[in-house]
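I'd like to ask some things about the structure below.
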Amino acid sequence: QIIPLWDMKRYLLFYQNYTGLPFHWSFDHVWSLCVEEHFYILLPLMFLFIQRFVAEKQRKIMVYSLVVATIFAGVGFKALSWYFTDGKDTYSATHNRLDGLAWGVLLNLIIYDHGHRIKSYPYLKGIFLIGLMFFLVVIYISSVFNSELYNRVFLPSLVPIAYFLMLMAVYFMDFSRWLPVRFIAYYSYNWYLWHPVFVYFIYDNFGYTPLGLLIYLVLSFPISVIMTISVEEFFLNRREKILKKWFS
């Protein structure tokens, strides 16, 4: 599973999600990081474009319009990839995943403009339950019918809608007393990054068993804590210092 030097460039330059084989199973889930990297470059460029070329009174309408258009584009690209390409790869390519992240931007815009109304809305629990039930139905259809078209086009297009509803419902919820959840959530990003290193080793030796699950948790989560502190926090703190120095 060691990545040879000649193959590292697609990981270092964030285009691994467009390259396909050869795979390195312990690191191939970073396709999602490529999508995020591309999106977080395109998003500020979109804002800069609007600020530069759109009249101030029309900017908000333009922002909403482009975000909604991005959602439709992501869904449309998945359909086009399915019907008009040989590979039918709708899973990892950035243009096929834009809608999922655009739903998050749309939620942020709505909360920014109408957060006071959402916060006082009396039926937020109902919205959360609707989103949760929608999510369960989407997953149930996937597991029962096992349609490749559904799983590749509809499933990744519908799941973000469910999370949009659930996140909007709990956005203003007080999680200060949910200490175990907050603790896990803080280290979850690095847990996601490092967990595949352990999965196949544990599966080969212990299978899908309660003991295997326990060993997986005992091994993988402490690594996520170590990497969060030694890598993520380390570089975030230095980034903060650099930004303060440059833009003080």
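Just so we're clear, the structure is a prediction, and the values are computed from it rather than from any experiment.
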Notebook entry, point to check: To the nearest 0.5 Å, how far apart are CE in Met62 and CE in Met46?
Noted result: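 Here the rounded value is 10.0 Å.
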Margin query: In this structure, would Phe145 and Val153 fall into the same cluster of hydrophobic residues linked by side-chain contacts under 4.5 Å?
Written below: yes
Next item on the list: If the plane angle is over 60° it's perpendicular, under 30° parallel, otherwise tilted; pick one for His29 and Tyr192.
Entry: perpendicular
Notebook entry, point to check: Does OH belonging to Tyr15 count more than 12 external heavy atoms closer than 6.0 Å?
Noted result: yes
Next item on the list: Indicate if Leu109 and Met166 have the same hydrophobic cluster label, given that clusters are the connected sets of ILVMFWY residues with side-chain heavy-atom separations under 4.5 angstrom.
Entry: yes
Check: Nearest heavy-atom pair of Tyr150 and Leu158: which atoms, and what distance?
Finding: OH-CD1, 4.2 Å
Next item on the list: Decide side-chain contact (heavy atoms from CB on, under 4.5 Å) for Trp82 and Glu148; before the verdict, give the C-alpha distance in whole Å, the side-chain angles of both, and the deciding distance to 0.1 Å.
Entry: CA-CA 10 Å; Trp82 171 260; Glu148 191 174 4; 3.7 Å; yes
Note to self: If I take atom CD from residue Glu232 and atom CG from residue Leu193, how far apart are they, to the nearest 0.5 angstrom?
What the structure shows: 8.5 Å
Margin query: Atom CE of residue position Met227 - does it have more than 12 heavy atoms of other residues, nucleotides or ligands inside 6.0 Å?
Written below: yes
Margin query: Is it the case that the side chain of Ser142 and the backbone of Val138 share a donor-acceptor pair, with hydrogens and angles ignored and the cut-off at 3.5 Å?
Written below: no
Notebook entry, point to check: Do the side chains of Ile118 and Ile111 get nearer than 4.5 Å, heavy atoms only?
Noted result: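 The answer is yes, as the side chains (C-beta and beyond) meet within the 4.5 Å cut-off.
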Note to self: Measuring only between side-chain heavy atoms, which start at C-beta, is Gln51 closer than 4.5 Å to Leu48?
What the structure shows: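 In short, these two side chains touch, coming nearer than 4.5 Å.
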Margin query: Set out, in order, the CA-CA distance, both residues' side-chain angles and the distance that settles side-chain contact (heavy atoms from CB on, under 4.5 Å) for Arg59 and Phe53, then state yes or no.
Written below: CA-CA 9 Å; Arg59 287 175 185 171; Phe53 296 104; over 6 Å; no
Notebook entry, point to check: For the atom pair OH (Tyr163) and CG (Leu132), what is the distance rounded to the nearest 0.5 Å?
Noted result: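 The distance works out to 9.0 Å.
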Notebook entry, point to check: For Phe134, does the CZ atom sit with more than 12 other heavy atoms under 6.0 Å from it, leaving out its own atoms?
Noted result: yes
Next item on the list: For Phe72, look at atom CZ and say whether over 12 heavy atoms of other residues, nucleotides or ligands are found less than 6.0 Å away.
Entry: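 It does not: Phe72 CZ has 12 such atoms or fewer within range.
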Next item on the list: Could you please spell out the steps behind the side-chain contact (heavy atoms from CB on, under 4.5 Å) verdict for Lys78 and Ser157?
Entry: CA-CA 9 Å; Lys78 281 190 280 290; Ser157 300; 2.8 Å; yes
Check: Do Tyr112 and Val170 share a hydrophobic cluster (ILVMFWY, side-chain heavy atoms under 4.5 Å, transitive)?
Finding: no
Notebook entry, point to check: Within a strict 4.5 Å, meaning less than it, do heavy atoms of the Lys9 and Leu12 side chains meet?
Noted result: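 No, their side chains stay 4.5 Å or more apart.
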Next item on the list: Assess whether side-chain contact (heavy atoms from CB on, under 4.5 Å) is satisfied between Phe47 and Val63, documenting all intermediate values.
Entry: CA-CA 8 Å; Phe47 288 146; Val63 169; 4.0 Å; yes
Margin query: Looking at Arg97 and Ala93, would you say the former's side chain and the latter's main chain have a donor-acceptor pair under 3.5 Å?
Written below: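 A pair under 3.5 Å: no.
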Notebook entry, point to check: Are Leu13 and Val30 connected in the hydrophobic side-chain network, where two residues link if heavy atoms are under 4.5 Å apart?
Noted result: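 Different clusters.
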Check: Going by atom types alone, do Ser220 and Trp191 pair a side-chain donor with an acceptor below 3.5 Å?
Finding: yes
Next item on the list: Decide if atom CE of Met173 counts as having more than 12 heavy atoms of other residues, nucleotides or ligands within a radius under 6.0 Å.
Entry: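 Enclosed.
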Next item on the list: Flag yes if more than 12 heavy atoms outside Phe172 fall under 6.0 Å of its CZ atom; otherwise flag no.
Entry: yes
Next item on the list: Identify the heavy atoms of Ser224 and Thr228 that sit nearest to each other, and give their distance.
Entry: O-OG1, 2.6 Å
Check: Will you find, in the side chains of Asn96 and Thr90, an N or O donor that is under 3.5 Å from an N or O acceptor?
Finding: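 Thr90 and Asn96 do not have a side-chain donor-acceptor pair below 3.5 Å.
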Note to self: Donor-acceptor check, side chain of His95 to backbone of Gly74, threshold 3.5 angstrom: yes or no?
What the structure shows: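 Not at all, since once roles are kept as given, no pair shorter than 3.5 Å links the two residues.
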Notebook entry, point to check: Atom CG in Leu66, atom CD1 in Ile71: separation rounded to 0.5 Å?
Noted result: 11.5 Å
Margin query: Please tell me whether Asn17 and Thr94 have a donor and an acceptor in their side chains that are separated by less than 3.5 angstrom.
Written below: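 Present: a donor and an acceptor within the cut-off.
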Next item on the list: Report the distance from atom CD1 of Ile226 to atom CH2 of Trp194, rounding to the nearest 0.5 Å.
Entry: 10.0 Å
Check: Taking side chain as C-beta onward, heavy atoms only, is Phe154 less than 4.5 Å from Ile141?
Finding: no
Next item on the list: Please answer whether the main-chain N or O of Ser147 pairs with a side-chain N or O of Asn151 as donor and acceptor at a distance below 3.5 Å.
Entry: yes
Notebook entry, point to check: Lys60 side chain to Lys57 main-chain N or O, any donor-acceptor pair under 3.5 Å?
Noted result: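 Checked: no pair found.
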Notebook entry, point to check: Quick one: does Tyr91's side chain get under 4.5 Å of Trp31's, heavy atoms only?
Noted result: yes
Margin query: Checking Phe221 against Phe183 for the ring pair (Phe, Tyr, Trp, His ring centres under 6.0 Å) test, could you report, in this order, the C-alpha distance in whole Å, the side-chain angles of both residues, the deciding distance, and whether it holds?
Written below: CA-CA 11 Å; Phe221 190 73; Phe183 178 78; 5.7 Å; yes
Notebook entry, point to check: Do you know which two heavy atoms are closest between Asp28 and Tyr11, and how far apart they sit?
Noted result: OD1-OH, 3.4 Å
Next item on the list: Kindly say whether Cys34 contributes a backbone atom to a donor-acceptor pair with the side chain of His38 at under 3.5 angstrom?
Entry: yes
Check: Are the side chains of Arg10 and Tyr18 in touch, meaning some heavy atoms are under 4.5 Å apart?
Finding: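 No. Closest side-chain heavy atoms not under 4.5 Å.
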Note to self: To check you understand the geometry: which heavy-atom pair defines the closest contact between Tyr187 and Val225, and what is its length?
What the structure shows: CD2-CA, 3.6 Å
Note to self: Any non-hydrogen side-chain atom of Val67 less than 4.5 Å from a side-chain atom of Trp103?
What the structure shows: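 In short, these two side chains do not touch, never coming nearer than 4.5 Å.
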Item checked: Heavy-atom closest pair, residues Ala102 and Thr70 -> CB-CG2, 3.8 Å
Notebook entry, point to check: In terms of ring plane angle, is the pair Tyr123 and Tyr121 parallel, tilted or perpendicular, where the classes change at 30° and 60°?
Noted result: perpendicular
Next item on the list: Say whether Tyr64 and Asp113, considering side chains only, have a donor N or O and an acceptor N or O under 3.5 Å apart.
Entry: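 There is such a pair between these side chains.
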Notebook entry, point to check: Does Phe175 have Arg177 sitting over its ring (NZ/CZ under 6.0 Å from centre, angle to axis within 45°)?
Noted result: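 So Arg177 doesn't make the cation-pi contact.
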Notebook entry, point to check: If you group Ile, Leu, Val, Met, Phe, Trp and Tyr by side-chain heavy-atom gaps below 4.5 Å, do Phe201 and Tyr203 land in one group?
Noted result: no
Next item on the list: Decide yes or no for Ile223 and Leu219: does some side-chain heavy atom of the first lie under 4.5 Å from some side-chain heavy atom of the second?
Entry: no
Notebook entry, point to check: Which distance, rounded to the nearest 0.5 Å, do you find between the CG of Leu42 and the CG of Leu101?
Noted result: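 Separation between the atoms: 10.5 Å.
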